[in-house]
Amino acid sequence: MLTVSRRLPPDATAVVAATLSLTAEERTRSRHSFQADPGLWVHLHLPRGTVLAHGDLLAPAEADPVVRVVAKPEPVMTVRATNGLDLLRAAYHLGNRHISLEVAPSHLRLSPDPVLQQMLEQMGLTVVDEVCPFQPEAGAYASPSASSMGHRH
């Protein structure tokens with residue numbers, strides 16, 4: 001088992017020993033063991049409150065090996081609107097419910113919830129069930145390092 005204790009910024013030139021595919025919820029765990037590809041067990045021993053993002057690199061206390069984090073596809077609801085104001089209104093109402101929310105110029109994305117789906121559809125928005133990587137916002141009170149590792153595609 002490889003224990004990683006450092007998060008490094010994304011680097012396309014890094015030599016990667018393994019890829020760790022994690023859901024949005026799994027990327028919030030700072031102390032947990034996961035199986036990476038190709039079968040290597042990786043134990044996270046990161047500072048409490050660390051939120052990993054797609055593309056982050058993880059390493060043990062010493063320099064090698066490096067593990068790349070990948071946002072694992074998972075069931076989500078993707079919300080689209082005919083105009084930006086309707087999408088902003090939806091983000092406002094979802095934010096009031098303190099749910100994890102991915103915000104993009106063309107859509108919002110959240111975990112499946114039939115009550116929220118009904119609310120969004122009553123607002124005239126289009127809601128589509130999909131399976132894709134989910135990268136919610138870190139939040140307004142996230143540490144500067146977490147927000148600098150923010151939303152990526």
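Note that these values count all heavy atoms, side chains included, but never hydrogens, waters or copies made by symmetry.
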Side-chain (R7) to main-chain (A59) donor-acceptor, under 3.5 angstrom = no

Taken in chain and number order and not counting sequence neighbours, the residues that satisfy side-chain contact (heavy atoms from CB on, under 4.5 Å) with N83 are L85, D86

Nearest-0.5 Å distance that lies between atom CZ in R6 and atom CD in E62 = 8.0 Å

Donor-acceptor under 3.5 Å (E74 side chain, T23 main chain) | no

Qualifying residues under side-chain contact (heavy atoms from CB on, under 4.5 Å), relative to A17, sequence neighbours excluded | P65

Hey, could you give me the CG/CD distance between L52 and Q135, rounded to the nearest 0.5 Å?
-> 12.0 Å

Is there a path from V76 to M119 through hydrophobic residues (I, L, V, M, F, W, Y) whose side chains come within less than 4.5 Å of each other?
-> no

Considering non-hydrogen atoms only, spot the tightest contact between P112 and P75 and give its length.
-> CD-O, 3.3 Å

dist D11:CG -> D56:CG (nearest 0.5 Å) comes out at 12.0 Å

side-chain contact (heavy atoms from CB on, under 4.5 Å) involving L40 - partner list, sequence neighbours excluded | L2, A18, V42

One should read off an interatomic distance between S5 OG and R31 CZ, to the nearest 0.5 angstrom, of 9.5 Å

Trace of the side chain to side chain contact (heavy atoms under 4.5 Å, CB included) decision for E130 with M77 | CA-CA 6 Å; E130 296 182 308; M77 294 188 325; over 6 Å; no

Flag side-chain contact, heavy atom, 4.5 Å: E102 against H107 | yes

If you group Ile, Leu, Val, Met, Phe, Trp and Tyr by side-chain heavy-atom gaps below 4.5 Å, do I99 and V127 land in one group?
-> yes

State, with a plain yes or no, whether a side-chain heavy atom of S21 is found less than 4.5 Å away from one of Q35.
-> no

Sequence neighbours excluded - side chain to side chain donor-acceptor pair (under 3.5 Å) pairs with any residue from residues 110-120 | Q117-E121

Short side-chain donor-acceptor distance under 3.5 Å, H43 and S33 = yes

Can you tell me how far the OG1 atom of T82 sits from the CG atom of L125, to the nearest 0.5 Å?
-> 8.0 Å

Write down the atom of H54, the atom of A71, and the distance for their closest heavy-atom approach.
-> ND1-N, 2.9 Å

R68 versus V16, closest heavy-atom pair with distance | NH2-CG2, 3.1 Å

Using the rule that two of Ile, Leu, Val, Met, Phe, Trp, Tyr join whenever any of their side-chain heavy atoms come within less than 4.5 Å, decide whether V67 and L8 are in one cluster.
-> no

If you look only at pairs with a residue in residues 7-32, which of them pass as a ring-ring contact (aromatic ring centres under 6.0 Å, His included), with sequence neighbours excluded?
-> H32-F34

Shortest non-hydrogen contact between L108 and A91, atoms and distance = CD1-N, 3.6 Å

If you group Ile, Leu, Val, Met, Phe, Trp and Tyr by side-chain heavy-atom gaps below 4.5 Å, do L116 and M123 land in one group?
-> yes

Does a side-chain heavy-atom distance below 4.5 Å link V4 with P60?
-> yes

Are L22 and F134 connected in a single hydrophobic cluster, I mean Ile/Leu/Val/Met/Phe/Trp/Tyr linked by side-chain heavy atoms less than 4.5 Å apart?
-> no

Residues passing the salt bridge (charged side-chain N to carboxylate O under 4.0 Å, His left out) test with R29, sequence neighbours excluded, are E25

Closest heavy-atom contact between L57 and P9?
-> CD1-O, 3.6 Å

Heavy-atom distance under 4.5 Å between the side chains of R109 and C132, does that happen here?
-> yes

Got a second to check how far T78's OG1 is from D129's CG, nearest 0.5 Å?
-> 8.5 Å

Would you call L58 and V66 a side-chain contact if the rule is heavy atoms closer than 4.5 Å?
-> no

G49 to S30 - nearest heavy-atom pair and separation = N-OG, 4.2 Å

